[in-house]
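Structure, as structure tokens:
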There are 2 protein chains.
Amino acid sequence: MSRTKKRTGGVTMDHVAREAGVSLMTVSRVMNNVPGVKDSTREAVMGAVKALGYSPNAAARSLARNGAGRIGLLYSNPSAGYLSQFLVGALDGAQTSGALLVIEKCDTSSDSESAAIGRLIAGGVAGVILPAPHAESDRAIAALREAGVVAIAVGTGHPRPDTHAVRMDDFAAATEMTRHLIELGHRRIGFIKGAVNQTASVERLLGFETEIRRAEPPADPLVEPGDFTYRSGFEAAERLLTLDDPPTAIFASNDDMAAGALAAAHRRGLDVPGDLSVAGFDDTPLATAVWPELTTIRQPVARMAEAALRLVLQESRDQSRRDARSLIDQLLPHQLIVRASTGQVPGNS
Amino acid sequence: MSRTKKRTGGVTMDHVAREAGVSLMTVSRVMNNVPGVKDSTREAVMGAVKALGYSPNAAARSLARNGAGRIGLLYSNPSAGYLSQFLVGALDGAQTSGALLVIEKCDTSSDSESAAIGRLIAGGVAGVILPAPHAESDRAIAALREAGVVAIAVGTGHPRPDTHAVRMDDFAAATEMTRHLIELGHRRIGFIKGAVNQTASVERLLGFETEIRRAEPPADPLVEPGDFTYRSGFEAAERLLTLDDPPTAIFASNDDMAAGALAAAHRRGLDVPGDLSVAGFDDTPLATAVWPELTTIRQPVARMAEAALRLVLQESRDQSRRDARSLIDQLLPHQLIVRASTGQVPGNS
DNA sequence: GGGCTTTTTAATAGCGCTAACATCATTTTG
DNA sequence: CAAAATGATGTTAGCGCTATTAAAAAGCCC
């Protein structure tokens with residue numbers, strides 16, 4: 001008992017097959033949801049799987065599939081909260097769908113990005129998931145395309161004409177948040193923009209502006225630049241709050257900046273939401289870590305990562321069969337989360 | 001060219017061997033740094049590897065090694081910043097050392113933890129990395145031990161008598177930070193404790209108290225409970241700042257709580273560091289995201305994860321050979337990072 | 001330089017899984 | 001009722017790599 005057999009500790013397909021009284025191949029079919037297995041057989045196999053606690057060996061699978069099912073993920077360093085959520089989602093999806101994730105890090109420099117993409121391609125991935133900043137790099141996408149690797153952009157504002165995309169409707173979400181503020185009676189509303197090189201920033205701004213124009217009586221937008229960092233949010237909020245006629249609400253393009261705005265408000269002795277409402281975007285862990293908790297838009301980051309994984313897997317499979325590729329643009333639902341940081345406009349109750 | 005060959009896109013060992021004019025096995029030896037290869041041969045192989053851009057296929061490797069080299073990582077949801085740094089470090093290490101990481105998520109409930117450990121064991125891992133909260137779960141460690149899986153605790157306060165550990169010296173680090181504050185002239189210093197179920201919290205507190213007692217003239221500690229969340233830091237700071245004789249400096253057991261303290265100070269109209277110094281711990285991304293940037297202790301999270309990976313790999317290899325296991329306790333260096341949030345005691349200049 | 005150990009290299013057999021083809025039962029049909 | 005068309009399952013041959021064993025080359029003694 002104590003002597004560790006070389007065994008990996010593992011139940012293999014063979015064991016399952018024997019237990020279920022079928023051949024190894026049948027088990028494989030069941031595990032991969034291949035049609036053409038009698039229901040009764042399928043159930044028997046499932047039973048054996050449960051009984052033995054079998055779980056397929058990802059390494060063997062990836063090997064046998066000869067790289068199909070190996071997919072790459074490129075990341076640099078977006079907001080830390082975003083990254084871990086994203087990784088978790090991707091990891092989850094990988095486990096579920098039996099894919100093998102190859103994760104590559106790079107910084108934002110174009111060289112580093114190219115190098116990482118090169119490594120991914122050399123590693124023989126069938127597809128690559130490109131989260132927000134990289135999804136907008138022409139070079140990266142061109143390199144991938146040339147190598148015949150499926151690329152999928154996650155979290156961009158627009159879909160590109162040359163890549164599949166998984167994203168949320170940033171425009172609509174910004175619209176909803178703005179409406180929420182307007183319904184609370186706010187008319188002077190500050191908006192803090194996100195990093196200019198990301199199309200999602202643009203969509204959020206457009207959504208805000210569009211909804212502002214719909215307000216009746218008319219609302220008054222005050223737009224300040226920002227770059228998705230806490231500090232830029234803080235500074236933008238300082239600028240907004242030192243105006244002669246400061247806004248009664250601030251809508252930041254992400255939670256980090258909203259947290260910065262919160263800090264700026266507190267620093268000036270303003271009560272949130274008594275004197276000023278603050279809204280964020282993304283619903284990162286930070287949103288519930290600050291006080292008061294942020295009203296924000298829940299972006300289903302983990303689900304987007306998972307969807308991206310599934311999509312890239314499916315596409316890479318399809319691509320090898322036929323060449324009929326239509327671009328997919330999958331939109332995941334967002335949600336307005338109202339918490340304690342937004343309230344009625346001051347002096348309105 | 002356009003037709004995708006079934007090829008994984010990959011250069012295999014076979015190609016390298018042919019290029020270098022040696023056998024496949026020799027290449028394997030070189031790749032694994034196995035002794036007993038003539039230097040000239042080794043160089044020839046390395047040359048071929050470079051020339052062809054070969055990189056070994058982790059899946060095949062893991063498969064052939066029959067699970068050795070497959071190592072598990074359990075995580076729940078510590079501070080988001082911590083997680084991504086940790087994952088990145090582990091992922092990096094895995095790539096370098098050719099290990100295959102199996103990442104399992106669980107929440108903090110004991111059941112969920114057991115289930116995750118079970119999955120890991122069933123997956124045939126040779127070792128498991130247990131970051132902070134799980135590293136202190138007797139059940140988890142017992143289960144792993146029973147399955148003959150090497151466990152390694154990361155980021156605990158003490159080493160346990162039954163597990164290898166990779167950690168930093170929390171006690172010494174807290175001591176240094178406290179000394180830093182004392183040297184700035186602070187004598188009334190607030191301390192915000194971390195979650196009570198983590199031994200690192202205790203070490204940090206002890207380090208603080210020890211250094212306080214050394215101060216000349218004597219210093220005055222004010223200890224408040226906290227649980228590593230932003231909110232608990234905010235609340236603890238509120239309590240400290242509403243005292244009749246409030247502290248001139250607050251040392252929080254992590255950056256999240258320090259950020260909370262910062263918010264509380266701003267809310268009361270205090271200038272940091274003019275009126276109040278605030279210090280954190282960990283140097284998570286948050287530390288530089290807030291304003292002013294936090295003086296903190298840099299905990300080499302990524303390096304710790306990498307070290308843990310290496311250690312668990314090596315141990316699992318050794319264990320299968322002999323049974324002579326001595327417990328390893330690897331201490332990684334930390335660093336006091338002085339930024340803008342701490343300064344001379346008010347009215348001292 | 002023969003017999004011997006010591007390096008160093010080559011050959012073979014899997015690791016757990018899947019793709020492609022082969023083999024059986026069942027139907028369906030001329 | 002034989003022949004072809006379906007299912008449903010079993011067989012075989014690898015995927016890229018590492019252990020293990022066998023073989024060859026190189027050193028060493030007297």
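Below, each value reflects all heavy atoms present in this structure, side chains not excepted, and no hydrogens, waters or symmetry copies. Naming: A, B, ... by sequence-line order, numbering from 1 per chain.
D:dC15 atom C1' lies 17 Å from atom CZ of B:Arg65, rounded to whole Å. Rounded to an integer number of Å, the gap from CG of B:Leu63 to C1' of C:dC15 is 4 Å. Taking atom CZ on B:Arg70 and atom C1' on D:dC17, their separation rounds to 13 Å, with Å as the unit. We find that CG of B:Asn57 is positioned 6 Å from C1' of D:dG16, with the value rounded to whole Å. The separation between B:Met13 atom CE and C:dC15 atom P is 19 Å, rounded to whole Å. Rounded to whole Å, the distance from CE on A:Met31 to C1' on C:dT18 is 13 Å. Atom pair B:Arg18:CZ and C:dA10:P shows a separation of 13 Å (rounding to whole Å applied). The distance from atom CZ of B:Arg61 to atom P of C:dG16 is 18 Å, rounded to the nearest whole Å.
For the helix from C:dG1-D:dC30 to C:dG30-D:dC1, the terminal axes (five pairs an end, C1' atoms, rotation from four pairs onto the next four) enclose an angle of 40°, given to 10 degrees.
Applying the salt bridge (charged side-chain N to carboxylate O under 4.0 Å, His left out) test to every pair with at least one member in residues 51-61 of chain A, sequence neighbours left out, gives no pairs at all. For residues 303-312 of chain A, the set of pairs meeting the salt bridge (charged side-chain N to carboxylate O under 4.0 Å, His left out) definition, not counting sequence neighbours, comprises A:Glu306-A:Arg310. Sorted by first then second residue, the salt bridge (charged side-chain N to carboxylate O under 4.0 Å, His left out) pairs that include residues 21-43 of chain A, not counting sequence neighbours, number zero. Listed by first and then second residue, the side-chain hydrogen bond (donor to acceptor under 3.5 Å, both in side chains) pairs that reach into residues 114-130 of chain A are A:Glu104-A:Arg119, A:Ser114-A:Arg139, sequence neighbours excluded.
Contact annotation: B:Ser28 does not reach the phosphate of D:dC17 (side-chain N/O to OP1 or OP2, under 4.0 Å). In terms of phosphate contacts, A:Asn32 brings a side-chain nitrogen or oxygen within less than 4.0 Å of OP1 or OP2 of C:dT18.
Considering only residues two or more places apart in sequence or on other chains, A:Asp14 meets the salt bridge (Lys or Arg N to Asp or Glu O under 4.0 Å) condition with A:Arg18. Under the rule for a side chain to side chain donor-acceptor pair (under 3.5 Å), the partners of B:Thr26 that lie at least two apart in sequence or sit in another chain are B:Ser23. Every side-chain contact (heavy atoms from CB on, under 4.5 Å) that A:Ala143 has, sequence neighbours left out, goes to A:Ile117.
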Protein proximity profile, nucleotides 9-14 of chain D - base contact B, sugar-phosphate-only contact S, no contact -, cut-off 4.0 Å on heavy atoms:
BBB--B
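The pair A:Arg160-A:Asp138 meets the salt-bridge criterion, since a charged nitrogen lies less than 4.0 angstrom from a carboxylate oxygen. Salt bridge A:Asp92/B:Lys105: present, at least one basic N to carboxylate O contact under 4.0 Å.
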